[in-house]
Amino acid sequence: VSFLPTQDRRRRASDGGRDAAEVAVTALYHEHALGLTRLAHVMLGEQAAAEDVVQEAFAGLFRRWAFLDDPAKAPAYLRSAVLNQCRNVARRGAPPVRAEVMAADGADAALLAAEERRAVLAALRELPGRQREALVLRYFLDLPDAEIARSMGIRPGTVRSAVHRGLAALERVMREETSR
Amino acid sequence: MSQLEELLRAATRESGAEVSPGRTRPLDLSGVPLDQPWLRRRGRRRRAPRRGWTRVMRPGILVPVLAALAVVAVVAASLALPRVLSGHGSPATPSLTGPAGVPPYYVSLSATGTPAANHPFNVSVRDTWTGTALATVTPPPGFGTFSLVAGGAVDDRTWVVAAQPWQPGPGVAPLRGWSQPIALFRLTFEPAYRAIRLTRLPGVTATATGGLPGAGTAQPITGSQLRGVALSPDGSRLAVAVTEGSALQMLLRVIPLAPGARGGTWVLPGSLAACSVCSTSLSWTADNRVLSIPVRKELIFLDTTKPSGQMLAASRVVPFNGYSGKAATGITYACHPDSMVMSLDGTTLTCGGSPSTDYGDKTQAVGIVTISVRTGVPLGFMPMQRYNTWVSGHYALLYWASPTGARTYVAIPADFGTPQQPVRAPKVPASLTVWQDGKVAGSIPVPADIGGGYASSLAPYSVAW
C-alpha cells in the first residue's frame, strides 16, 4: 500500500480531519469486519482474540488515514495488518481456547468428522507463521497467489513454496497424530 | 484438490463460520489518535546521541557486546542449574517422563485477574518444569468459573475438572464454601496440538442439607458438598466423595466412564464422616479396584467391586488418628487431610505431616509421613523444615507423590499457623520443591496466576498432576 506525498497528506488531514477519517474507517469496518474477524479466528481459534486483532487493525488504519493515498487499497492494508497482529498474538502465546464440550457417551460419524476438522485446525496452528498464513489465505479466502503475495509482502513464487511445504507439514503432523 | 486440501478448506470455513454476523464488536475509535503529517515529521527528527555514549562507547557497539554477555549468562546459568532441571532422559513410561519421575504436565486453576479470589478461574495445562501455560481453557457455556482440578490417571494426559456458576468468594480453597451447583468434566490434553478437550461427565446428586433449596431431596451437588475426586489409573472410573444430608454422612459414588466399567454408591453414616470443614483425598490402586478414603479416625480401603450399600461392609478399616496430632499407635503424627496419596500397589499411604516427638515441644519439624496401609502405623518420616515453635496446624503440603511408591514428592513445608505469611518473600518467584530420597531434587515454579504466585496459597485441588 503506497502513501500520499506530503502536501496531499496535509490537505487530507486538514480537509475534514478526524470526523472524515472516522466515517470512512467505520464504513470500512461495517463492510469488512466480519470477514477479517473470521480470518483472525481461523488463525487464532478464539473469538475474543480475533476481535481484538481486528480492532487493532482498524485503529491502525484510522491512525494512518491521512497517509493512505488510495482508500480502495484499505482492505488489502487491513488484511495485512490482521495477519501481522495474528503473528504477534501467536508469538505471545496461545490465547485461552473455548471449551469444546462433548457428550460423555461415545462418538458417532458426525463427531468423528468434527474431530478430524478440529485436528486439522490444531495442526494448522502448529505450522510456522508463513506456511500457516499462506494456507489460510489460499484455502479459507480462496485468494490467488498474487493477492496472497501482496497480503504477506512476499513474492508469488514464495507463496507457492509456502503452500506446498505447509501442506506437506500438515500431512506429516496429521499422520503422526493418527499413529500415536 | 487432495483430500487434505478439502479437509483444510472445510475446517477453516467451519472455524470462520463460528463468528456469526452481528456478533462482532462495534468499532471503538475513541482515544485513538490520528497521526498528522506535520507531527510525524517532527517526531521523526533524529535525536542527537547523548554525549556520554559518544565519548565512552557508541550505542551501536553495545548491541553485540550485550548479545555476547547474554549468551555467556545463559550458558553459565544452564551450567549452574541442577542436573535434575536440565537432564531429560528417554521416558520409561509416559508417567515417568520428567526429571525425578514427576509427570511433564500439570493442570492448574488460573485466576483471570488479581486478587485471585475475586476473579473466575480458567484451567491451564502447564509444563511442570517451566510453569508455562501450554493450553488454557475457559469455562464451558453456562458456567462462570472452574473450581477444582484433580488427577489420578496414569497417562498424564487426563484430569477431572469442576465448573460452577461464578460466585465471588474464596478462590484459594475452591472446594469450600461454594453454594453453587457443580458439574464435572474430563479434561484431556493433546501435547502435539496443545489442545484441550472437555467432556461433560454424568451429574452427581446427593440429598441437599437443611436450609438449602430442595432440602431432603436429591439435588445436583454444590461445591461445598464435594469433598474429593479421583480418576482411576486407567481413567475408566471416577470416584467422587460427597457430604450428604444434615447428618453429614459421606456418600461415595463411583461413576463408570468407559463401557464395561462398574459404578456404585456407598454410604458412610454419622460421626465417622463428620468432618464438616475438611476435604478428603481419594486414591486408587493400580487394578482400579481399591479406593483409599481417609476420614477422621479411620483409613478406609473400599473394595469397589463389592455391591453398593454401607461403606464399612465393603471395606477394610484401619485405625488412624492423623488429624488430631495425638498418638494412635505409639507414635504421634499428623497428616493434612487433603494430601494423602496411596501407592498404586496399595501398600503405603503418604501425606504431608509432622512427627511425634515434636508434639508440644519447642520446635517442630514438618515433612512427609509414610504410613502402612496394612496397619496404619507410620513407617517413616522425611523432614523438610524445622520451625522454632510448635503450632497446631503446621503441616507440609503434598501435591504429588510417586505412584510407584518411590520416595519422590512435590511438596512445600507450608505454615498453616500463619496463613497470611507467604512461604516466599515478596517478588521472589514461588516454587514447589521436588524431593527425592530425602533430598531436594529440583523446583517447580508457581506462576503468578495460581494462588497469587504464593506457594502457600495453593490449595491441593487447585493444581493436579
Side-chain angles (χ1 to χ4, degrees), chain A residues 6 9-10 13 17-18 21-22 25-26 29-30 33-34 37-39 41-42 45 47 50-51 54-55 58-59 62-67 93-104 106 114 116-126 135-136 139-140 167 170-171 173-174 176-177 180, chain B residues 1-2 4-5 7-29 31-38 40-41 110 112 122-124 132-141 143 163 185-186 190 192-202 257 259:
Chain A
T6 307
R9 279 181 284 182
R10 284 184 176 166
R18 185 179 177 93
E22 196 160 337
V25 172
T26 304
Y29 187 81
H30 287 310
L34 179 62
T37 308
R38 286 176 167 171
L39 171 63
H41 187 274
V42 173
Q47 178 149 346
E51 288 178 358
V54 172
Q55 288 275 334
F58 275 91
F62 176 73
R63 268 195 299 270
R64 293 183 53 78
W65 184 252
F67 298 84
V97 296
R98 195 175 48 203
E100 265 186 77
V101 184
M102 302 171 71
E116 202 173 29
R117 289 194 293 275
R118 188 204 58 73
V120 101
L121 280 177
L124 178 71
R125 288 172 192 137
E126 289 293 308
L135 290 180
V136 170
Y139 294 103
F140 176 60
L167 284 173
L170 205 58
E171 192 168 14
V173 173
M174 298 285 289
E176 283 171 4
E177 177 58 18
R180 204 162 64 88
Chain B
M1 187 175 285
S2 72
L4 180 62
E5 289 171 296
L7 184 60
L8 185 57
R9 185 184 294 273
T12 53
R13 292 191 176 181
E14 185 180 77
S15 173
E18 287 179 34
V19 182
S20 52
R23 274 196 64 195
T24 49
R25 201 184 298 167
L27 182 62
D28 180 12
L29 295 174
V32 179
L34 194 63
D35 286 358
Q36 303 292 358
W38 49 88
R40 191 165 185 83
R41 276 167 62 86
S110 301
T112 53
N122 291 334
V123 162
S124 298
T132 307
L134 302 172
T136 298
V137 65
T138 57
F143 297 90
F185 296 82
R186 177 170 51 203
E190 296 175 50
Y193 300 148
R194 295 191 178 187
I196 286 176
R197 183 193 299 164
L198 292 179
T199 306
R200 177 85 181 254
L201 299 177
L257 302 180

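Residue numbering restarts at 1 for every chain, and letters A, B, ... go by the order of the sequence lines.
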- Item | Structural part of A/Val25 lying under 4.5 Å from a heavy atom of chain B | both
- Task: Could I get the full list of ring-ring contact (aromatic ring centres under 6.0 Å, His included) partners for A/Phe58, not counting sequence neighbours?
- Result: A/Tyr29
- For the atom pair CD (A/Glu171) and OG (B/Ser2), what is the distance rounded to the nearest 0.5 Å? 7.0 Å
- For each of B/Asp28, B/Thr132, B/Val123, B/Thr12, tally heavy-atom pairs with chain A at distances under 4.5 Å, and name the one with the top tally. B/Thr12
- Check B/Phe185 against B/Pro140 and note the closest heavy-atom contact, atom names and distance. CZ-CG, 3.6 Å
- Note on the structure: Bottom line for B/Ala17: the part with an atom under 4.5 Å from chain A's heavy atoms is backbone
- Give the minimum heavy-atom separation between B/Leu8 and A/Tyr139, together with the two atoms involved. CD2-CD1, 3.5 Å
- Could you tell me which portion of B/Leu29 (side chain, backbone, both or neither) has an atom closer than 4.5 angstrom to a non-hydrogen atom of chain A? both
- Query: Quick one: what part of A/Leu124 sits under 4.5 Å from any heavy atom of chain B, side chain, backbone, both or neither?
  - Reply: side chain
- Who pairs with A/Phe140 by ring-ring contact (aromatic ring centres under 6.0 Å, His included), at least two apart in sequence or on another chain? none
